Each structure stands twice: as C-alpha cells, then as structure tokens.
Trainee: 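My questions will all concern the structure given below.
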Amino acid sequence: MLTFAPGPSKVYDALPTYLQDAYNAGILSANHRSSAFMNLYQETEQLMREKLHMPDDYRLLFTSSATENWEIITQSIVEKASFHIYSGSFGKKWIGFAKHINPATDGLKIEANEAINVAELDIPAGFDVIALTQNETANATEVPLEVIEEIKEKYPEKMIAVDTTSSMAGIELDFSLADIWYASVQKCFGLPAGLGILILSPRAVEKCERKGEKGRYNSLSFILENAAGYQTHYTPNVLGIYLLNRVLKDLEEVQHIDANLRERMLKLETAVAQSKSLRMLVDNAETRSKTVLAVSGSEELIVSVKKDAEKEGMQLGSGYGPHKPTSFRIANFPAITNAEMDKLIAFLGRY
Ligand SMILES: *Cc1c(COP(=O)(O)O)cnc(C)c1O
C-alpha cells in the first residue's frame with residue numbers, strides 16, 4: 001500500500017539498501033564517543049550545508065523529536081517569553097507546551113485562510129522569541145518565507161523560532177531569516193520516525209549561553225557542549241542519523257526538489273479545482289502549503305474516496321482535528337515519486 005499520509009509518511013525506496021549498509025558498515029554497534037560516530041555526525045552536518053543550504057556557522061543538533069524541540073526552546077533559549085502566531089493543531093500544541101513551562105507565553109491565533117498581517121502585528125517588549133509554524137501539517141497551511149522576512153525586519157531584536165517539521169528537505173528554506181529551525185525525519189526526509197533535528201545560529205547559541213539553563217538531560221547547554229566534539233548528550237539514534245546521512249548524500253540540492261514539489265502541487269490543486277465534488281480546504285493560495293494538500297467534501301464522499309483509493313493500493317491521509325470527517329490530506333513529500341503522484345492525480349480526476 002502506497003501511503004500519502006503526511007507523517008509518518010512514505011519512506012524513500014532506497015531504504016532497504018541503506019538499512020543493510022548500516023548493518024554491514026558496523027556503525028550500529030559503534031560507540032557514540034568513537035571516531036566512527038563523530039565522523040558520521042560531522043559529515044551529516046556538512047551534508048545539511050551542501051544539500052539543504054544550512055549556513056556554515058549554523059549548528060546541527062540531534063534530539064528525539066520535533067515535540068522535544070518545543071520544550072528545549074522554552075526551557076533553554078527563551079529568556080522572557082515566546083509569542084506564538086499559529087493557525088492549526090501543531091502550532092496550538094507548541095504554545096501549550098511552552099505555556100506549561102513558562103506561564104508568560106502568549107500568542108495570536110489566526111484562521112487557516114488568514115495571512116499574517118505584519119503591519120498590524122504588535123508584539124510587546126516582554127517577548128523575546130517569536131514562534132512560527134512555517135508549515136502547519138494539520139490544516140495544510142504555510143507561512144511564506146517572505147512573511148518570515150517581514151517579521152524579522154520588523155523585530156530585529158527578537159529571535160524567531162520556526163517549526164519546519166513537514167517542509168525541511170522539501171522546500172528550500174532561507175535559514176538566514178531565523179535563528180532557530182527544527183524538524184523531524186518522518187516527513188520530508190522520507191525516513192522512519194525517531195529523530196529530531198534542531199538547527200541553531202550563532203546568535204541562538206549565544207542566547208542559550210546567556211540564559212545559562214543547565215542540569216536537565218536535554219538542557220541545550222549540555223547538548224551543545226557534546227556537539228562541540230561531534231558527540232551527543234545521550235546514546236543517540238545512530239541508525240536514524242546514519243539513514244539521514246545516506247538520504248542527504250543521495251538527495252539532489254534542495255532547490256531542485258523544491259521546484260519539482262511546487263510543480264506537482266500545482267497539478268494536484270488543478271485536479272481538485274476541476275473536480276465536481278471535491279474542494280480545497282484552504283481557499284487562500286497565499287497560505288496554502290506546498291507540501292501538504294487538504295481536500296474537503298461531504299462526509300459520505302470522503303469515506304468513499306478513501307475506500308476507492310485503497311482498492312487502487314493508495315492510502316490517503318486522514319483529516320486532522322475538527323476536519324477529520326470531512327477532509328483528507330495528501331503529502332506532497334519528496335519520497336513519493338512523480339509517477340506515484342501522477343497516479344493519484346488521475347484517480348482524483350474521477351470525482
Ligand atoms: C509532525 C509534526 C510535529 C511533531 O513531530 P514529532 O516528530 O512527532 O514530534 C510538529 N510540528 C509539525 C508541524 C508537524 O508536522
């Protein structure tokens with residue numbers, strides 16, 4: 001069964017080879033303080049620069065999930081409070097975790113079809129971090145990079161943290177627009193779940209040092225201390241890191257992946273726009289995601305489309321939260337081939 005679910009999602013077809021190679025290379029039994037592991041870490045960080053254009057002075061850190069990164073950011077970087085601008089369930093969970101750790105956390109909830117109005121944005125001095133969910137997987141919306149740039153220009157003294165869990169390694173990100181970026185590997189990286197990625201600018205590292213939070217197993221100061229020698233703060237998911245390394249090695253540079261995904265999304269959107277009974281959940285093209293499409297219809301229709309798709313060997317992603325019964329989601333992730341996407345597009349043409 002080919003899955004179009006937006007996470008966990010289809011893994012790259014080369015995965016069986018990577019897994020066998022990991023075993024044969026002996027890396028799975030390598031100590032995480034050994035040079036074999038340290039070289040793997042260093043090479044993976046370099047590949048993030050070459051393939052995804054992570055800046056030379058930004059650091060790649062390994063955590064267990066995007067969810068863990070929510071807590072690390074509040075615990076170890078935020079000095080006053082974070083201000084969250086969000087429209088969907090993942091952004092809402094993030095602010096929830098942040099509030100639990102720091103009650104001064106606040107934010108602005110916007111609608112899926114609503115673009116962030118940067119001119120009217122008023123974030124008081126009591127907030128030192130702005131939290132954005134660049135790609136909101138739950139309702140298939142995005143905050144375009146141009147909007148992040150406007151926010152950065154308006155608030156140069158604040159730090160921006162960006163959730164790109166379902167867009168990193170799919171769309172081309174301009175890392176210079178923010179100091180904190182994170183993802184996990186079971187979305188656009190096309191890998192099995194269980195590894196979180198946290199990327200920090202030198203300014204974010206300095207902020208962490210200034211705050212001086214320490215003593216927890218995932219205190220960022222402790223993570224950075226280990227990362228300085230290409231080691232990790234606990235025995236890491238070496239298999240996950242190895243797989244990430246292999247996927248990055250085989251990846252085209254991100255601008256080519258980005259161009260292909262945009263072209264495919266346009267085809268998908270056209271198929272839905274031309275359908276008699278299906279609609280796009282997000283009408284506003286400005287806020288619509290490039291890597292996840294949500295399609296809505298009556299409850300009966302959604303049930304039958306999902307059933308018909310399964311008969312053709314395709315599993316559609318369920319709707320999320322309040323949209324669950326009246327929508328489905330399609331991952332436009334790079335591990336799905338163009339031929340597979342064309343098959344889905346032809347299928348949607350029936351409705
Ligand atoms: C999937 C997802 C998460 C959670 O990722 P985990 O790896 O399960 O912690 C967070 N944010 C967004 C936008 C997501 O799509």
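Model, not experiment: these values are computed from the prediction. Counting starts at 1 for both ligands and their atoms, following the listed order. We're numbering straight along the sequence, starting at 1.
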Trainee: Can you name the atoms of ligand 1, numbered from 1 with element, that are less than 4.0 Å from a heavy atom of Thr67?
Mentor: 4 (C), 6 (P), 9 (O)
Trainee: Would you mind running through ligand 1 and noting each atom that sits below 4.0 Å from a heavy atom of Thr137?
Mentor: 12 (C), 13 (C), 14 (C), 15 (O)
Trainee: Can you tell me which residue and heavy atom of the protein come closest to atom 11 (N) of ligand 1, and the distance to 0.1 Å?
Mentor: Asp163 OD2, 2.8 Å
Trainee: Tell me whether Thr164 contacts the main-chain N or O of Tyr182 through its side chain, where contact means a donor paired with an acceptor under 3.5 Å.
Mentor: yes
Trainee: Please classify the Lys93 to ligand 1 contact at 4.0 Å (heavy-atom distances, strictly less than): side chain, backbone, both or neither.
Mentor: neither
Trainee: With a 4.0 Å cut-off on heavy atoms, does Trp70 reach ligand 1?
Mentor: yes
Trainee: So which of Lys306, Lys343, Arg350 actually passes salt bridge (Lys or Arg N to Asp or Glu O under 4.0 Å) with Glu312?
Mentor: Arg350
Trainee: Which residue and atom name correspond to the protein heavy atom nearest atom 7 (O) of ligand 1, and how close is it?
Mentor: Ser184 OG, 2.8 Å
Trainee: Ignoring hydrogens, just give me the one of Glu68, Gln186, Lys187 whose non-hydrogen atom is nearest atom 8 (O) of ligand 1.
Mentor: Gln186
Trainee: May I ask you to say whether Arg216 pairs ionically with Glu71, meaning some side-chain N is under 4.0 Å from a carboxylate O?
Mentor: no
Trainee: Asn332 side chain to Thr291 main-chain N or O, any donor-acceptor pair under 3.5 Å?
Mentor: no
Trainee: Look at the rings of Tyr58 and Phe175 and say which category their plane angle falls in: under 30° parallel, 30 to 60° tilted, over 60° perpendicular.
Mentor: perpendicular
Trainee: Quick one: which ligand 1 atoms are inside 4.0 Å of a heavy atom on Asn135?
Mentor: 13 (C)
Trainee: Using salt bridge (Lys or Arg N to Asp or Glu O under 4.0 Å) as the criterion, point out the one residue from Arg203, Lys207, Lys152, Lys158 that pairs with Asp179.
Mentor: Arg203
Trainee: Which option out of Ser166, Ala66, Gly194 puts a heavy atom nearest to atom 5 (O) of ligand 1?
Mentor: Ala66
Trainee: Any donor-acceptor pair under 3.5 Å linking the side chain of Thr105 with the backbone of Asn102?
Mentor: yes
